[in-house]
Amino acid sequence: MRIDGRTRLVGIIGWPVEHSCSPLMHNAAFQALGLNWCYLAMPVAAEQLVEAVRGLVALGFVGVNVTIPHKERVLGLADELDGAAAAIGAVNTLVFREGRIFGYNTDWLGVRATLNRIEAEPAGKKALVLGAGGSARAVIYALAQAKIGTILVAARRPQAVQALEELAAVEYVPWQELNLARAAESADLIINTTPLGMSPHIHLSPPLPPEVFNSSQKVFDLIYNPRETRLLACARSKGAVTIDGSLMLVEQGREAFRLWTGIEPPLEVMLTVLGLS
Ligand code: NAP
């Protein structure tokens, strides 16, 4: 990669950001397309978010991805928000244009692409969402957009589920084995948004026994490391169609790439560089 006086800059702000796959993914795409662009990972502490964003605008950055813990707070710094970002209440992509800050949420597009890939066709169906944190908001927005029939949300804290009601009608399922099993048995689509099973804790899993899965179900785990969590292995062993979070990761990046450059990135290159193809 050549960096010179004309290099256009984008990147990611968060705390921490060292673990982010996005620099690898975007820089590989820039290189494959011969674009003189560079994507940087920039750790920004919570108390310096406002100065950091102003600084990026002043330095002529084209835009940035935003990750934990800034996704919600950065909303207030945008001059304009797209409809999804406003509804979800989180921004994961900023675009700086003519001194103005535009905020987008592309996470839900990654969810939508994943549901399309497994032909989940949520309209009128019943989904069980495990977890009620940040990514659950994008999941529930995507399910509502796809006109899902019923959304059950299993979580440890009922208040967290209440907060999701502004996005769609949701039913709370207490995080106990029996309740989870009953809800899972009746669901067409099961989506894990908890970190249970993510590397290095690959022995963990939401407490769902193999009996609750069947071959007419689709099971989506947002985790992409490892590619097959214990949850997915268990569901697959009962014939359910399963998918991990790698397509979601790459699709949210693809949309950000398009917003910044106006160019379609090479999806295969992005998946390959992450070892996910
Ligand atoms: P988050 O905001 O911290 O939410 C995590 C949710 O999981 C919360 O509801 C939390 O409940 C629940 N949870 C955590 N530990 C639990 C446990 N031991 N038992 C029961 N529930 C538990 O995190 P997030 O940003 O939504 O991310 C969640 C996962 O999605 C991570 O693994 C992340 O890597 C993955 N992710 C993937 C993509 C992708 O592109 N594929 C994008 C975003 C996120 P409490 O509130 O009670 O703690």
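Remember, it's 1-based here, ligands and their atoms both numbered in the order they're listed.
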Using a 4.0 Å heavy-atom cut-off, say whether R156 meets ligand 1 through its side chain, its backbone, both or neither.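 Within the 4.0 Å criterion, R156 contacts ligand 1 through side-chain atoms alone.
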Is the contact between D107 and ligand 1 made by the side chain, the backbone, both, or neither, using heavy atoms and a 4.0 Å cut-off?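 Under 4.0 Å from ligand 1, D107 contributes no heavy atoms.
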Any non-hydrogen protein atom below 4.0 Å of atom 23 (O) of ligand 1?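 No, there is no protein heavy atom closer to it than 4.0 Å.
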Can you find a protein heavy atom under 4.0 Å from atom 3 (O) of ligand 1?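 So far as the 4.0 Å threshold goes, atom 3 (O) of ligand 1 is out of reach of every protein heavy atom.
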Closest non-hydrogen protein atom to [atom], residue and atom name please, with distance?
| atom | value |
| --- | --- |
| atom 42 (C) of ligand 1 | M248 CE, 3.6 Å |
| atom 44 (C) of ligand 1 | S135 CB, 3.8 Å |
| atom 33 (C) of ligand 1 | M198 SD, 4.4 Å |
| atom 46 (O) of ligand 1 | R157 NH2, 2.9 Å |
| atom 35 (C) of ligand 1 | L222 CB, 4.1 Å |
| atom 28 (C) of ligand 1 | T193 O, 3.0 Å |
| atom 8 (C) of ligand 1 | G133 N, 3.8 Å |
| atom 14 (C) of ligand 1 | P195 CD, 3.4 Å |

Atoms in ligand 1 with a heavy atom of [X] nearer than 4.0 Å:
| X | value |
| --- | --- |
| G245 | 39 (C), 41 (N) |
| I223 | 32 (O) |
| I68 | 25 (O) |
| Y224 | 41 (N) |
| G131 | 9 (O) |

Any donor-acceptor pair under 3.5 Å linking the side chain of [X] with the backbone of [Y]?
| X | Y | answer |
| --- | --- | --- |
| N105 | A90 | yes |
| T229 | L232 | yes |
| R8 | F61 | no |

T150 side, atom OG1; L152 side, atom CG - distance, nearest 0.5 Å: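 Taking OG1 in T150 and CG in L152, the distance rounds to 7.0 Å.
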Point-to-point distance, once rounded to the nearest 0.5 Å, from CG of L276 to OH of Y224: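 Rounded to the nearest 0.5 Å, the CG-OH separation comes to 8.5 Å.
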Is it the case that R156 places NZ or CZ above or below the six-membered ring of W175, under 6.0 angstrom from the centre and within 45 degrees of the axis?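 No; the conditions do not both hold, so R156 does not lie above the ring face of W175.
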Residue from P206, P174, P207 passing side-chain contact (heavy atoms from CB on, under 4.5 Å) with L180: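 With L180 as partner, P206, P174, P207 yield a single side-chain contact (heavy atoms from CB on, under 4.5 Å), made by P207.
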Residue-ligand contact A132/ligand 1, heavy atom below 4.0 Å: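 Flag set, A132 near ligand 1.
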Pairs touching residues 126-138 that satisfy side chain to side chain donor-acceptor pair (under 3.5 Å), sequence neighbours left out: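 Those involving residues 126-138 are K126-S186, R137-E166.
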Could you verify whether a donor N or O on one side chain and an acceptor N or O on the other, from N92 and N65, lie under 3.5 Å apart?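 No.
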Looking at residues at least two apart in the chain, or sitting in another chain, which of them share a side chain to side chain contact (heavy atoms under 4.5 Å, CB included) with R54?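 Listed in chain order: V50.
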Member of F257, W260, F30 meeting the ring-ring contact (aromatic ring centres under 6.0 Å, His included) criterion with W37: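 Of all the options given, the one that passes is F30.
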